[in-house]
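Here is the structure we will look at.
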Amino acid sequence: MSASPDPSGYQAVVSAPGFSLAVRCDDDEIERIAFLPAGAAVTPGNALAAEAVRQLHAYLADAGFVFGLPLRPSGTHFQRRVWQQIAAIPTHQTRTYGELARALHNAPRAVGQACGANPFAVVVPCHRVLASGGGLGGFARQNGGFLLDVKRWLLAHEGC
């Protein structure tokens with residue numbers, strides 16, 4: 001979930017409040033959904049990108065929306081295990097890095113690194129993972145800047 005300064009290579013870009021979501025996919029699977037600084041929307045380049053845009057708009061309108069997109073398998077075995085745990089966090093709830101680490105029998109820092117490598121922004125909701133004591137922690141491998149503002153917005157949108 002890293003920010004990219006240039007949306008080239010994305011099949012669609014969705015404008016959201018204070019940020020954009022860029023979709024990279026082929027005709028069959030979503031390869032990446034990334035946070036970008038606020039910018040103009042880009043019309044979907046294929047049917048799957050159009051469906052991703054529809055679902056992202058549905059989530060932006062209703063935080064309880066459940067995604068159903070074909071995500072391309074990626075990441076290490078450990079990262080995929082972390083992402084599965086994150087995907088299981090219900091809307092309107094959060095977990096800490098430590099809670100996920102205990103469930104996975106690993107260290108919170110390793111969980112944080114896996115969160116930062118998440119290629120499916122919003123769909124795999126790593127914004128629901130917080131530091132112990134309720135602090136925001138980092139987000140998408142950033143400890144400040146617009147991405148923490150995005151995390152704050154997503155958490156508020158979901159009523160967390």
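Everything numeric here is computed off the predicted structure, so don't read it as measured data.
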| query | Is there side-chain contact between Arg95 and Pro90, with heavy atoms separated by less than 4.5 Å? | reply | yes
For [X] versus [Y], what's the shortest heavy-atom pair and its separation?
| X | Y | value |
| --- | --- | --- |
| Pro70 | Asp28 | CG-O, 3.3 Å |
| Leu69 | Ala52 | CD2-CA, 3.9 Å |
| Val53 | Ala12 | CG2-CB, 3.5 Å |
| Phe120 | Arg72 | CZ-O, 3.3 Å |
| Thr91 | Ala63 | CG2-O, 3.2 Å |
| Cys115 | Ile86 | SG-CD1, 3.4 Å |

To the nearest 0.5 angstrom, please state how far the [atom1] atom of [X] sits from the [atom2] atom of [Y].
| X | Y | atom1 | atom2 | value |
| --- | --- | --- | --- | --- |
| Gln93 | Cys160 | CD | SG | 8.0 Å |
| Phe146 | Arg152 | CZ | CZ | 13.0 Å |
| Ser15 | Leu56 | OG | CG | 11.5 Å |
| Tyr97 | Asn106 | OH | CG | 14.5 Å |
| Ser74 | Gln79 | OG | CD | 7.5 Å |
| Leu100 | Gln85 | CG | CD | 6.0 Å |

Under 3.5 Å, is there a donor-acceptor pair between the side chain of [X] and the main chain of [Y]?
| X | Y | answer |
| --- | --- | --- |
| Arg128 | Ile89 | yes |
| Trp83 | Ala117 | no |
| Lys151 | Leu130 | no |
| Asp149 | Gly18 | no |
| Arg80 | Pro73 | no |

| field | From CA spacing to verdict: side-chain contact (heavy atoms from CB on, under 4.5 Å), Ile30, Val123 | value | CA-CA 11 Å; Ile30 303 292; Val123 175; over 6 Å; no
| request: List the steps, then state whether side-chain contact (heavy atoms from CB on, under 4.5 Å) holds for Val14 with Leu60. | output: CA-CA 10 Å; Val14 174; Leu60 292 168; 4.0 Å; yes
| request: For side-chain contact (heavy atoms from CB on, under 4.5 Å), just list the numbers for Val82 and Leu104, CA-CA rounded to whole Å, side-chain angles, deciding distance to a tenth of an Å, and then say yes or no. | output: CA-CA 8 Å; Val82 171; Leu104 294 164; 3.5 Å; yes
| Which is it for Leu21 and Phe35 under the side-chain contact (heavy atoms from CB on, under 4.5 Å) test, yes or no, and what are the steps along the way? | CA-CA 5 Å; Leu21 290 159; Phe35 291 111; 3.5 Å; yes
Please output the side-chain donor-acceptor pairs of residues 37-49 that fall under 3.5 Å, not counting sequence neighbours, one pair per line with the distance.
{"residue": "Asn46", "atom": "OD1", "partner": "Leu48", "partner atom": "N", "Å": "3.2"}
{"residue": "Asn46", "atom": "OD1", "partner": "Ala49", "partner atom": "N", "Å": "2.7"}
{"residue": "Asn46", "atom": "ND2", "partner": "Asp26", "partner atom": "O", "Å": "3.4"}

| request: Taking ring pair (Phe, Tyr, Trp, His ring centres under 6.0 Å) as the test, write out the residues that go with Phe65, two or more places apart. | output: Phe67
| task | Scan for side-chain hydrogen bond (donor to acceptor under 3.5 Å, both in side chains) pairs involving residues 53-65, sequence neighbours excluded, and state none if there are none. | result | Glu51-Arg54, Glu51-Gln55, Tyr59-Glu158
